[in-house]
Amino acid sequence: MRINLQPAYVLHSRPYRDSSLLLETFTAEQGRLGLVARGARRRARGGSGAALLQPFTPLLLSFSGRSELKTLTAMESVGSALALRGDCLYSGMYLNELLVRLLHRHDPHPQLFAAYGEALAGLAGASQSDEVLRSFELTLLGELGYSLDLSADGRTGEPVCAGGLYQYEAEYGMVRVSGSGVSRHGVYSGDELLAMAAGQFGGIARRASKRLLREALAVQLGGAPLRSRDLFQRAGTS
């Protein structure tokens, strides 16, 4: 197998042997791939390949091999690395960790790849990352086969009522619950859900959308904590 000049991003890298790198990458047509960049850390005239193989940099990668771990054979930058700072840097790390944890290797997701590029561009130009993250999380759930319909009761199919109360059930999605004796914890108002369904993740839906998407993704993550979320909390940015 030999692939030339595939649009890609590096999600994570770590040193390998004396001068190489092991890369987790997200490619437009091959999905998530593991690559070995041989000699990438070796000092050479003009610098090393490691300087280019950084997260948030749009790349064209060529690679080959028959095993699970492919060998990087060439690389080109499509543009400068996107400058993510403060909260947005941690948000970018969070997106990368979600993709590494939830995507199967060699499973193409071209629409998700496009959404990821748009999310990075959004983070680079955003002072607040909430809306960018929530939109991407919804897209990711859909690509994983767990689309979350925020405008209808997942059990009955009836439209969400603005004055109703709903809770998330992994099997069905949003399900209406009785208002009597229902704890507010884990319950979402119809107003909040309809705002999210319209792509509005700020205002009244800001906290609810973060809580709901975290709840839905936790099912897919199997309860294992996210390192990037810990970094958020340690930096006081969550």
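No experiment lies behind these values; they were computed from the predicted model shown.
At distances below 3.5 Å, not a single donor-acceptor pair connects side-chain atoms of Y116 with backbone N or O atoms of F26. With Q220 contributing its side chain and L217 its backbone, the two residues share no donor-acceptor pair below 3.5 Å. Proximity of a side-chain donor or acceptor of K70 to a complementary backbone N or O of G65 within less than 3.5 Å is detected. Remark: the backbone N or O of L33 is paired with a side-chain donor or acceptor of T25 at under 3.5 angstrom.
In R105, the CZ atom is crowded: over 12 heavy atoms of neighbouring residues, nucleotides or ligands sit closer than 6.0 Å. Residue-environment remark: CD (Q111) stays at or below the threshold of 12 foreign heavy atoms within 6.0 Å.
Between R176 and E158, no side-chain nitrogen of the basic residue sits less than 4.0 Å from a carboxylate oxygen of the acidic one, so the salt-bridge criterion is not met. Between R134 and E131, none of the side-chain N atoms (NZ, or NE/NH1/NH2) sits under 4.0 Å from a carboxylate O, so this pair counts as no salt bridge. A salt bridge is absent between D107 and R32: the closest approach of a Lys/Arg side-chain nitrogen to an acidic carboxylate oxygen does not fall below 4.0 angstrom. Looking at R227 and E97, no side-chain N of the basic residue comes within less than 4.0 Å of a carboxylate O on the acidic one, giving no salt bridge.
Across all their heavy atoms, A152 and V160 have their closest contact at N-CG2, 3.5 Å. Across S20 and V36, no two heavy atoms sit closer than the pair CB-CG2, 4.4 Å. Summarising the geometry of G92 relative to L84, their closest heavy-atom pair is CA-CD1, 4.1 Å, with the distance given to 0.1 Å. Contact record, L148 with G173: CD1-CA, 4.1 Å, taken as the closest heavy-atom pair.
Judged purely by distance below 3.5 Å, without hydrogens or angles, the side chains of Y172 and D149 never pair a donor atom with an acceptor atom. Between the side chains of Y188 and E215, at least one donor-acceptor pair of N or O atoms lies under 3.5 Å.
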- request: Verify salt bridge (charged side-chain N to carboxylate O under 4.0 Å, His left out) between D130 and R206, making sure each step is shown before the conclusion.
  value: CA-CA 7 Å; D130 290 349; R206 182 175 181 271; 2.6 Å; yes
query: Does the side chain to side chain contact (heavy atoms under 4.5 Å, CB included) test come out yes or no for F201 and S135, once each step is laid out?
result: CA-CA 8 Å; F201 301 104; S135 178; 4.2 Å; yes
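Remark: S91 OG to N96 CG distance equals 11.0 Å, nearest 0.5 Å. In this structure, CG on L226 lies 6.5 Å from OH on Y94, to the nearest 0.5 angstrom. Separating the CZ atom in R38 from the CG atom in D18 is a distance of 12.5 Å, to the nearest 0.5 Å. Distance OG/S64 to CD1/I3: 9.5 Å, rounded to 0.5 Å. Remark: S77 OG to L60 CG distance equals 8.5 Å, nearest 0.5 Å. Here S129 contributes atom OG and L123 contributes atom CG; the two are 6.0 Å apart, rounded to the nearest 0.5 Å.
Aromatic ring centroids of F56 and Y9 lie 6.0 Å or more apart.
Looking at heavy atoms from C-beta onward, L194 lies out of side-chain contact with L150 at the 4.5 angstrom threshold. Between L221 and R101, some side-chain heavy-atom pair lies under the 4.5 Å cut-off. Residues R2 and N4 are in side-chain contact: their nearest non-hydrogen atoms beyond the backbone lie under 4.5 Å apart. Contact of the E24 side chain with the R14 side chain is not registered, since no non-hydrogen atoms from C-beta on lie closer than 4.5 Å.
Cluster annotation: L72 is connected to M1 through the hydrophobic network of ILVMFWY side chains, with a link wherever side-chain heavy atoms come within less than 4.5 Å. Under the 4.5 Å side-chain heavy-atom criterion for ILVMFWY residues, a single connected hydrophobic cluster contains both L103 and Y146. Note: the hydrophobic cluster containing V175 does not contain Y168 (ILVMFWY, side chain heavy atoms under 4.5 Å, direct or indirect links). Linking Ile, Leu, Val, Met, Phe, Trp and Tyr whenever their side-chain heavy atoms come within less than 4.5 Å puts L52 and L23 in one cluster. Cluster annotation: L11 is not connected to Y16 through the hydrophobic network of ILVMFWY side chains, with a link wherever side-chain heavy atoms come within less than 4.5 Å.
Each of T73, L61, L22 was checked for a side chain to side chain contact (heavy atoms under 4.5 Å, CB included) with L35, and the lone residue meeting it is L61.
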